[in-house]
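Protein chains get the first letters and strands the later ones, always in sequence-line order, with residue 1 at the start of each.
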Amino acid sequence: MRRVLRDNGLSLAFFLAFAAALVGQSLAGLAAMNEERLQHDQSPVGYLDFVTSSDFLVDVAENWQSEFLQFTLFILGTVWLIQRGSPESKKPGNEGVGSDKEQLVGAHARRDSPEWARSRGVRLWLYSNSLLLLMTGIFFFSWFAQSVAGQVVANEENAQHGASPVTWVEYVASPDFWNRTLQNWQSEFLAVGAMVVFSIYLRQRGSSESKPVGAPHHLSSIEAE
Amino acid sequence: MDADLRPVRVVFWVWLTVIAAGLAAMILLPLAGR
């Protein structure tokens, strides 16, 4: 059991942190909503009603989509783009998807390579891009979730103010949808860029996200190893 | 080797399932007018 916990500490710790933050968000969100409802002489809503409401879900979805977009673009960008000196980057000259030999696929697969790495054609292509495909899929689904939940919230507000409801197409072209979307994107892009750049010159001893403390600034992490 | 990877596989599928369930809820509940 201790071995299982140690082997999976990173994913378990982040899962617990995710769950705790989501519960915290739901409690704070419920309190905020009920405060506002009291100010408008409306009765408070219960916890279960709130966590299944579009008001809560749109806030969750807009953050999910931006996080998964961040990793989607980071995975894609690091195939073709380089940052000299960054441990997040391959070394200059290694741009691109690499040879079959480097990637251990097809005839170059090892005995313990994943089964699909030894295959050819569509199966090999799918497996070769599986991480990017999954992250892209989660991004688009959560962005779509943001749009449908956001539409419900916008129409609730429209109804309260006597305005006519908007269609889904009208909502995804609305300032509210893009305000929610872009406020999350800007922070993700800033943080990723900052991580790439700061890690050229700065270190965290012991972190796999950092070069070794004594590694020269001009080397990527793979070169420094 | 394989015994060490069994819990890792569980972790992988738990993450994927939670995310899929979250996405389904975030899409279906608003579509149901919640």
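Put simply, CD on Gln151(A) and CG on Leu31(B) are 8.5 Å apart, with the number rounded to the nearest 0.5 Å. The CD1 atom of Ile138(A) sits 4.5 Å away from atom CD1 of Ile19(B), with the distance rounded to the nearest 0.5 Å. With rounding to the nearest 0.5 angstrom, the CE atom of Met26(B) is 11.0 Å from the CG atom of Asp59(A).
At least one side-chain heavy atom of Leu57(A) sits less than 4.5 Å from a side-chain heavy atom of Pro30(B). When side chains are defined from C-beta on, Leu16(B) counts as touching Leu134(A), because their heavy atoms get closer than 4.5 Å. Here the side chains of Trp64(A) and Leu23(B) are in contact, with some heavy-atom distance below 4.5 Å.
The environment of Phe177(A) atom CZ is dense: over 12 non-hydrogen atoms of other residues, nucleotides or ligands sit within 6.0 angstrom. Within a 6.0 Å radius of CZ in Phe140(A), no more than 12 heavy atoms belonging to other residues, nucleotides or ligands are found. A 6.0 Å sphere centred on CZ of Phe189(A) holds more than 12 heavy atoms belonging to other residues, nucleotides or ligands. Residue-environment remark: CZ (Phe144(A)) exceeds the threshold of 12 foreign heavy atoms within 6.0 Å.
Heavy atoms of Val152(A) lying under 4.5 Å from chain B belong exclusively to its side chain. At a 4.5 Å heavy-atom cutoff, the contact between Val11(B) and chain A is made by side-chain atoms alone. At a 4.5 Å heavy-atom cutoff, the contact between Asp49(A) and chain B is made by backbone and side-chain atoms alike. Contacts between Phe14(A) and chain B at a heavy-atom distance below 4.5 Å involve backbone atoms as well as side-chain atoms. Looking at Val60(A), both its backbone and its side chain come within 4.5 Å of chain B, counting heavy atoms on both sides.
With sequence neighbours excluded, no residue forms a side-chain hydrogen bond (donor to acceptor under 3.5 Å, both in side chains) with Asn179(A).
Ranked by non-hydrogen atom pairs under 4.5 Å with chain B, the options Ala149(A), Ser11(A), Ala61(A), Ser53(A) are led by Ser11(A). Of the listed residues (Ala25(B), Ala32(B), Pro7(B)), the greatest number of heavy-atom pairs within a distance under 4.5 Å of chain A belongs to Pro7(B).
Residues from residues 16-39 of chain A that place a non-hydrogen atom less than 4.5 Å from a non-hydrogen atom of chain B comprise Phe18(A), given in numerical order.
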